[in-house]
Trainee: 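Quick one: the structure is below, and I'll ask about it shortly.
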Amino acid sequence: MQQQVRHLNQGELATRWDCSEASLERWRSEGIGPVFMKLHGRVLYRIEDIESYEQQCLRSGTSKPLVTGGAA
């Protein structure tokens with residue numbers, strides 16, 4: 001059985017992260033944030049990419065990324 005991929009649109013991600021949609025638009029233009037897709041003019045984010053980006057943002061201190069799985 002194939003697992004269905006779930007996507008969030010810009011508004012849903014803005015709600016999840018408690019930020020404005022304008023911030024997400026700016027981040028996309030600056031290459032910041034999770035990868036996204038444009039499908040028929042709509043911007044969509046895959047849940048797996050959002051969660052991966054959130055993992056990369058974890059920190060154990062102000063200047064140190066959180067070390068997980070033996071990777072720095």
Side-chain angles (χ1 to χ4, degrees):
M1 182 175 201
Q2 186 177 9
Q3 184 178 6
Q4 183 178 358
V5 177
R6 172 84 171 107
H7 299 85
L8 296 185
N9 65 31
Q10 177 174 286
E12 293 167 330
L13 183 57
T15 298
R16 178 181 176 121
W17 286 353
D18 192 26
C19 68
S20 71
E21 291 186 44
S23 290
L24 293 173
E25 291 167 5
R26 181 175 44 84
W27 295 345
R28 280 197 308 274
S29 71
E30 295 175 4
I32 300 169
V35 296
F36 62 94
M37 65 174 70
K38 284 198 89 167
L39 187 61
H40 302 289
R42 295 177 56 209
V43 174
L44 297 171
Y45 298 89
R46 297 185 311 176
I47 289 288
E48 62 204 44
D49 295 326
I50 294 167
E51 291 174 347
S52 174
Y53 183 76
E54 290 171 343
Q55 284 291 318
Q56 293 171 27
C57 291
L58 293 175
R59 299 287 184 261
S60 60
T62 56
S63 62
K64 294 191 280 187
L66 184 65
V67 177
T68 58

Trainee: Taking all non-hydrogen atoms of both residues, which atom of Ala14 and which atom of Ser20 are closest, and how far apart?
Mentor: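 In this case the closest contact between Ala14 and Ser20 is CB-C, 4.1 Å.
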
Trainee: Can you give me the closest heavy-atom contact between Arg16 and Glu51, atom names plus distance?
Mentor: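 Closest pair (atom of Arg16, atom of Glu51, distance): NH2-CG, 3.9 Å.
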
Trainee: Could you walk me through whether Ser23 and Arg26 pass the side-chain contact (heavy atoms from CB on, under 4.5 Å) test, one step at a time?
Mentor: CA-CA 5 Å; Ser23 290; Arg26 181 175 44 84; 4.1 Å; yes

Trainee: What heavy-atom pair brings Pro34 and Trp17 nearest, and what distance separates the two atoms?
Mentor: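 Result for this residue pair: CD-CH2, 3.5 Å.
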
Trainee: Count I, L, V, M, F, W, Y as connected when their side-chain heavy atoms are under 4.5 Å apart, and connections chain through other members. Are Ile32 and Val35 then in the same cluster?
Mentor: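 Each belongs to a different hydrophobic cluster.
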
Trainee: Minimum heavy-atom separation for Glu21 to Gly11, with atom names?
Mentor: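 It is OE2-CA, 3.6 Å.
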
Trainee: Looking at every non-hydrogen atom in both residues, tell me the closest pair between Phe36 and Val43 and how far apart they are.
Mentor: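 Looking at all heavy atoms of both residues, the closest pair is CD1-CG1, 4.0 Å.
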
Trainee: Looking only at non-hydrogen atoms, find the nearest pair between Arg59 and Gln56 and report the distance.
Mentor: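 Closest approach of Arg59 to Gln56: NH1-O, 2.9 Å.
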
Trainee: Output the rest of the hydrophobic cluster of Met37: all Ile, Leu, Val, Met, Phe, Trp and Tyr residues reachable through side-chain heavy-atom contacts under 4.5 Å, sorted by chain and number.
Mentor: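 Other cluster members: Leu39, Leu44.
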
